[in-house]
Amino acid sequence: LAEKLKSMDLEPSEDGTVILSRKLSSGKSICRINGETVTAKQVKELSELLIDIHGQHEHQSLLNKKKHMEILDAYAGAEFAECAGRVAALYHECTALEKKITEETLDDTSRSREQSLAEFEQKEIADASLQPGEDEELEQAYRKMSNSRKIAESLAESYQLSGNDAEDGAGNSLSRALRALRSVTMYDPALEQLAELESLLSDYNHDVSEYMSDLEFDEEDFRSTEDRLNTINHLKGKYGNTIEEILRYKEEKEAYLEKLADYDAYMQKLNAEWEEKQALLKKACEELSEIRRKNAAVLTQKLKDALIGLNFLTVEFDIAVRPGQAITTKGYDDVEFLISTNPGESLKPLNQVASGG
């Protein structure tokens with residue numbers, strides 16, 4: 001019940017109460033569950049979990065043939081549950097194989113078209129010779145080249161302000177400051193450490209100078225970097241957001257081409273696998289049916305005894321387990337409760353015989 005309410009985006013009240021209401025007015029009806037407006041269908045679905053109506057016309061669950069299999073299967077217990085799990089698993093495996101076979105069945109024209117497309121995509125990626133992390137390095141280099149003039153201007157200004165060329169530069173100012181400092185270092189050796197600032201500034205200037213010399217590049221380097229980035233971004237737009245994703249796509253296409261190259265053998269293998277799974281599914285369904293029939297015989301006798309205890313002295317009852325039209329996740333059985341309450345009458349479906357009484 002809680003799961004059903006959740007599927008309807010509804011919640012029970014704090015004390016767990018569930019209130020269903022229906023208001024009829026001028027040919028219209030308004031249905032509510034715990035005050036929330038819902039459809040009549042939702043009220044019907046939820047009410048079937050809450051109440052069984054024993055009326056003159058119909059017992060809502062017992063006369064529903066779909067419930068007969070549920071009742072028998074629940075009675076069959078653990079042995080049945082284990083076998084039913086195997087049947088369901090094999091059914092899903094067979095269904096998945098059927099879908100795969102349908103999707104991958106190609107005529108000669110389609111196969112040729114698929115092969116041509118896969119070869120083109122694989123070659124386009126292979127020709128690019130992509131390397132993981134290459135795009136990040138190129139983007140960094142491209143940003144540096146694109147902004148080289150601004151970088152050079154800023155470095156030149158920094159070099160000038162920190163060097164010894166300008167009268168008011170940091171180098172000259174620091175030199176004067178250190179001369180004043182050295183005149184008193186004899187009084188405290190700890191002051192000598194401060195004199196190292198000149199060496200640090202000299203190293204800074206040297207590094208700036210080297211960076212400025214390395215900043216030079218020709219137009220051809222810039223164009224080749226730009227073209228390479230355009231190639232990578234073009235491939236990203238078609239095959240993946242990263243180089244790693246693009247390379248994985250290439251591997252998938254290579255595997256697909258191998259499959260197409262030996263397509264007939266591949267499809268034979270798929271069909272053989274499906275036939276093997278079908279045989280296992282059929283065998284599991286037979287085992288499941290045998291368990292159902294065995295438990296149906298026991299439950300049938302128990303129900304007959306119970307009906308006789310209710311003074312149905314001439315009652316005949318049977319749980320029919322018959323092959324259905326197709327295999328499902330529950331096997332291939334069709335289950336139905338049959339009853340005869342009068343002498344000489346043949347067994348008929350429960351919903352055709354049982355009355356309100």
Side-chain angles (χ1 to χ4, degrees), residues 7 65-66 68-70 73 80-132 135 231-293 321-336:
S7 71
K65 185 185 171 187
K66 293 180 181 178
H68 297 177
M69 181 179 289
E70 292 181 20
D73 292 353
F80 174 86
E82 188 276 331
C83 188
R86 284 192 287 115
V87 167
L90 286 167
Y91 177 84
H92 289 306
E93 288 177 16
C94 287
T95 303
L97 280 169
E98 286 176 5
K99 182 180 179 183
K100 191 172 185 180
I101 290 170
T102 300
E103 290 175 347
E104 301 203 10
T105 298
L106 302 169
D107 57 31
D108 291 341
T109 302
S110 299
R111 192 192 318 176
S112 177
R113 184 169 58 249
E114 287 284 318
Q115 188 168 1
S116 296
L117 177 61
E119 286 173 348
F120 171 81
E121 292 178 334
Q122 186 274 339
K123 185 176 184 302
E124 185 177 32
I125 298 172
D127 288 347
S129 300
L130 300 175
Q131 298 297 322
D135 51 342
T231 297
I232 293 174
N233 289 329
H234 170 71
L235 294 176
K236 283 182 177 180
K238 294 176 68 176
Y239 306 122
N241 295 321
T242 65
I243 287 181
E244 287 75 12
E245 288 182 11
I246 296 170
L247 293 175
R248 280 197 296 272
Y249 186 88
K250 172 177 167 288
E251 291 174 358
E252 291 172 2
K253 288 302 165 184
E254 288 171 346
Y256 187 51
L257 285 168
E258 288 182 9
K259 183 172 68 179
L260 291 177
D262 202 7
Y263 178 76
D264 292 336
Y266 171 74
M267 293 304 296
Q268 287 175 4
K269 182 181 177 182
L270 274 185
N271 282 289
E273 188 177 352
W274 178 80
E275 289 174 2
E276 181 183 353
K277 292 293 183 183
Q278 277 288 104
L280 291 173
L281 175 60
K282 185 177 179 181
K283 183 179 179 181
C285 287
E286 291 171 354
E287 294 175 9
L288 193 68
S289 184
E290 178 60 29
I291 296 172
R292 278 200 179 106
R293 287 195 295 272
V321 180
R322 299 170 293 220
Q325 295 183 348
I327 294 177
T328 69
T329 54
K330 297 181 179 180
Y332 55 54
D333 290 326
D334 179 76
V335 177
E336 188 171 24

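Using a 4.0 Å cut-off between a side-chain N of Lys or Arg and a carboxylate O of Asp or Glu, Arg293 and Glu290 qualify as a salt bridge. Salt bridge Glu252/Arg248: absent, no basic N to carboxylate O contact under 4.0 Å. Contact check on Asp135 versus Lys236 returns a salt bridge, with a Lys/Arg side-chain nitrogen under 4.0 Å from an Asp/Glu carboxylate oxygen. Checked for salt-bridge contact, Glu336 and Arg322 meet the test: a charged N lies under 4.0 Å from a carboxylate O. The pair Glu82-Arg86 meets the salt-bridge criterion, since a charged nitrogen lies less than 4.0 angstrom from a carboxylate oxygen.
Here the NZ-CD1 distance, from Lys282 to Ile327, works out to 8.0 Å after rounding to the nearest 0.5 Å. Taking CD of Glu121 as the start and CD1 of Ile246 as the end, the distance is 12.0 Å to the nearest 0.5 Å. We find the CD-CZ distance between Glu287 and Phe80 to be 12.5 Å, quoted to the nearest 0.5 Å. Note: Glu119 CD to Glu114 CD = 11.5 Å, rounded to the nearest 0.5 Å. Note that CG of Asp333 and CD of Glu286 are 10.5 Å apart. Values are rounded to the nearest 0.5 Å. The distance from the CZ atom of Arg111 to the CE atom of Met267 is 9.5 Å, given to the nearest 0.5 Å.
Smallest separation of non-hydrogen atoms from Leu257 and Gln115: CD2-O, 3.7 Å. Shown here for Thr105 and Tyr263, the closest heavy-atom pair between the two residues is CA-OH, 3.2 Å. Gly331 and Cys285 get closest at one heavy-atom pair: CA-SG, 3.7 Å. Smallest separation of non-hydrogen atoms from Cys83 and Ala284: SG-O, 3.7 Å. Ala118 and Tyr256 get closest at one heavy-atom pair: CB-CD2, 4.1 Å.
Enclosure of atom NZ in Lys238 by more than 12 non-hydrogen atoms of other residues, nucleotides or ligands within 6.0 angstrom is indicated. Within a 6.0 Å radius of NZ in Lys259, other residues, nucleotides and ligands contribute more than 12 heavy atoms. When the shell of 6.0 Å around CD of Glu276 is examined, it contains 12 or fewer heavy atoms from other residues, nucleotides or ligands.
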**Report entry** Stepwise side chain to side chain contact (heavy atoms under 4.5 Å, CB included) test for Lys99 and Thr95
**Finding:** CA-CA 6 Å; Lys99 182 180 179 183; Thr95 303; 5.7 Å; no
Requested in this report: Quick one: do Glu93 and Leu281 satisfy side chain to side chain contact (heavy atoms under 4.5 Å, CB included)? Show the steps, please.
Outcome: CA-CA 9 Å; Glu93 288 177 16; Leu281 175 60; over 6 Å; no
Query raised in the report: Would Lys269 and Glu273 satisfy salt bridge (Lys or Arg N to Asp or Glu O under 4.0 Å), going step by step from the backbone distance to the final call?
Result: CA-CA 6 Å; Lys269 182 181 177 182; Glu273 188 177 352; over 6 Å; no
Query raised in the report: Under the side chain to side chain contact (heavy atoms under 4.5 Å, CB included) criterion, do Leu260 and Leu106 qualify, and how do the steps go?
Result: CA-CA 10 Å; Leu260 291 177; Leu106 302 169; 4.2 Å; yes
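When atom types are taken as modelled, the side chain of Thr102 and the backbone of Glu98 share a donor-acceptor pair closer than 3.5 angstrom.
By the 4.5 Å heavy-atom criterion applied to side chains, Lys330 and Val87 are not counted as neighbours.
When Glu251, Lys250, Glu254, Lys253 are each tested for a side-chain hydrogen bond (donor to acceptor under 3.5 Å, both in side chains) with Gln122, only one passes: Glu254.
Between the side chains of Thr109 and Arg113, no donor-acceptor pair of N or O atoms lies under 3.5 Å.
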